[in-house]
Amino acid sequence: MTPESNDVNVLLVDDLQENLVALEALIRQPGRRIFTARSGEQALSLMLEHAFALAILDVQMPNMSGFELAELMRGTERTRAIPIVFVSAGGRELNYAFRGYESGAVDFLYKPLDPHAVRSKVSVFVELFRQRQELQEAKAQLQRAVSMRDDFMSMIAHELRNPLNSVYLQAQLRRKMFSGSKAQDPQAMLKMVERDERQIRSMVRLLDDMLDVSRARTGMLAIVPAPFDLVASAQVVVEAIQEQARGAGVQFTLAAPATLAVEGDEFRIEQVITNLLTNALRYGEGQPVAVAVGTREDEHEAFVTVRDQGMGIAPADQERIFEQFERTEGAAQVAGLGLGLYIARQIAQAHQGRLEVRSAPGQGAEFILSLPLPGSAA
Ligand SMILES: Nc1ncnc2c1ncn2[C@@H]1O[C@H](COP(=O)(O)OP(=O)(O)OP(=O)(O)O)[C@@H](O)[C@H]1O
Ligand SMILES: [Mg+2]
């Protein structure tokens with residue numbers, strides 16, 4: 001049931017072409033698409049193909065009468081809910097000849113047709129249909145939101161469970177060492193504590209991300225602006241990630257002027273750069289990562305770019321990855337929730353800045369953070 005446009009479909013069924021023409025002329029209107037059928041069979045096949053707000057059925061037709069057609073419609077899931085208006089030449093007693101009378105919206109028009117009555121009945125059903133569509137849309141949106149929350153909960157549970165479990169195991173092990181005959185080995189103890197710290201840090205980071213997401217959603221992502229040096233920030237973050245990346249052997253280079261004064265929330269901007277560098281480390285396939293800081297004077301902007309030579313991002317994914325939980329197929333092997341870029345872009349926008357990506361599959365990715373320079377009217 002793919003809607004062709006926003007038009008509402010109305011079906012007219014009558015064995016006489018001149019009746020169809022007359023009726024169509026009566027109810028034709030912008031925003032309505034009128035279909036006509038000369039027989040019950042033809043009508044049914046149209047109904048299987050399109051969604052109709054209303055079917056107007058001539059009662060007296062050879063082969064299959066309007067009532068017979070209506071009964072078939074009521075017996076088929078796909079067509080059951082379509083409201084029916086019968087057009088009959090007979091008296092009002094005919095109303096009860098349709099046995100499916102109770103099962104759904106049914107109405108009657110009598111020949112000779114009163115144009116006003118026809119138009120107003122059709123309008124009522126078309127309006128009902130529109131309202132039902134809106135309701136369904138709202139319901140679908142709600143369902144998406146609910147299922148997103150459920151996914152979120154199970155993801156979080158999963159992401160927290162493993163590190164928590166490992167911290168717990170470490171604690172048990174330590175208890176054994178304390179109570180066992182073996183003297184405590186300070187070196188081994190230190191290693192354990194360090195592992196604990198790493199695990200706990202990653203859990204705290206995860207919870208921070210969740211908090212940021214809900215802050216961003218409610219417009220409460222607080223920015224505390226103050227002058228700071230963007231180059232110094234980039235340096236701090238690059239050094240920290242370099243430390244982390246040592247094991248992986250990934251090289252980070254930074255090209256920047258001596259200083260670059262900007263205004264913003266230093267902590268938040270460092271968070272953005274950290275996200276970009278973490279991604280470059282995760283998805284950069286071990287290749288060197290180039291970070292650059294500078295200005296585009298003509299645009300009164302400062303920028304930070306992070307360029308990797310990893311898996312890259314397909315054009316179809318390049319917008320989507322900035323949404324919550326959106327990850328690419330290539331990233332499936334790597335741990336991550338898909339929140340980093342969402343938060344980073346929210347932070348950039350809260351600074352009247354932008355976060356953009358340039359990439360092609362297999363050719364690495366470049367993320368560009370742009371911030372207005374102080375004094376430029378944003
Ligand atoms: N440098 C990159 N190269 C290739 N793909 C990337 C890169 N950065 C991000 N992506 C893709 O965008 C997705 C979303 O990134 P994002 O940082 O939002 O989430 P994540 O890294 O998966 O998890 P986390 O919430 O821990 O950051 C990633 O899962 C990955 O598919
Ligand atoms: Mg990330």
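Given the structure is predicted, the values throughout are model-derived calculations rather than measurements. Counting starts at 1 for both ligands and their atoms, following the listed order.
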With heavy atoms of [X] as the reference, note each atom of ligand 1 found under 4.0 Å away.
X	result
Gly312	4 (C)
Gly340	16 (P), 17 (O), 18 (O), 19 (O), 24 (P), 25 (O), 27 (O)
Ala331	29 (O), 30 (C), 31 (O)

(request) Have a look at ligand 1 and work out which part of Asp317, if any, has a heavy atom under 4.0 Å from it: side chain, backbone, both or neither. (result)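 Answer for Asp317: neither.
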
(message) According to a hydrophobic-cluster definition based on side-chain heavy atoms being under 4.5 Å apart (Ile, Leu, Val, Met, Phe, Trp, Tyr only), do Met192 and Leu190 belong together?
(response)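 Different clusters: Met192 never reaches Leu190 through Ile, Leu, Val, Met, Phe, Trp or Tyr contacts under 4.5 Å.
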
(message) Under 6.0 Å between ring centres: does that hold for Phe67 and Phe86?
(response)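 Yes; Phe86 has its ring centre under 6.0 Å from that of Phe67.
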
(request) Kindly say whether the aromatic ring centers of Tyr342 and Phe325 come within a distance under 6.0 Å. (result)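 Ring centroids of Tyr342 and Phe325 are no less than 6.0 Å from each other.
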
(message) Under 2.8 Å from the Mg ion (ligand 2) - does any N, O or S atom of Asn279 fall there?
(response)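 Checking the Mg ion (ligand 2) against Asn279, an N, O or S atom does fall under 2.8 Å.
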
(request) Determine yes or no for a side-chain-to-main-chain donor-acceptor pair under 3.5 angstrom, with Gln242 supplying the side chain and Phe252 the backbone. (result)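 Indeed, once roles are kept as given, a pair shorter than 3.5 Å links the two residues.
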
(request) Examine distances only and state if a side-chain atom of Asp229 and a backbone atom of Ala261 form a donor-acceptor pair shorter than 3.5 Å. (result)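 Checked: no pair found.
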
Distance-only N or O hit between ligand 1 and [X], under 3.5 Å:
X	result
Tyr283	yes
Leu339	yes
Phe367	no
Thr328	yes
Leu337	yes
Gly338	yes

May I ask you to decide whether [X] forms a salt bridge with [Y], counting only side-chain N to carboxylate O separations under 4.0 Å?
X	Y	result
Asp196	Arg174	yes
Asp58	Lys111	yes
Asp114	Arg119	no
Arg320	Glu323	no

(request) Mark the output for Asp308 as yes if a heavy-atom distance to ligand 1 is under 4.0 Å, and as no if none is. (result)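 Contact check Asp308 vs ligand 1: positive.
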
Distance to 0.1 Å, residue and atom name: give those for the protein heavy atom nearest to [atom].
atom	result
atom 11 (C) of ligand 1	Ile321 CG2, 3.9 Å
atom 17 (O) of ligand 1	Asn279 ND2, 2.8 Å
atom 13 (C) of ligand 1	Glu326 O, 3.6 Å
atom 29 (O) of ligand 1	Arg327 NE, 3.0 Å
atom 5 (N) of ligand 1	Ile313 CG1, 3.3 Å
atom 26 (O) of ligand 1	Arg282 NH1, 3.0 Å
atom 15 (O) of ligand 1	Leu341 CD1, 3.6 Å

(request) Report the relative orientation of the aromatic rings in Phe52 and His50; use parallel for angles under 30°, tilted for 30 to 60°, perpendicular for over 60°. (result)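 Judged by the thresholds at 30° and 60°, the geometry between Phe52 and His50 is perpendicular.
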
(request) Verify salt bridge (charged side-chain N to carboxylate O under 4.0 Å, His left out) between Arg80 and Glu77, making sure each step is shown before the conclusion. (result) CA-CA 5 Å; Arg80 182 168 298 153; Glu77 187 57 44; 3.1 Å; yes

(message) Let's go through Arg38 and Asp15 carefully: what are the C-alpha distance in whole Å and the side-chain angles of both, what is the deciding distance for salt bridge (charged side-chain N to carboxylate O under 4.0 Å, His left out) to 0.1 Å, and is it a yes or a no?
(response) CA-CA 4 Å; Arg38 296 281 297 273; Asp15 56 314; over 6 Å; no

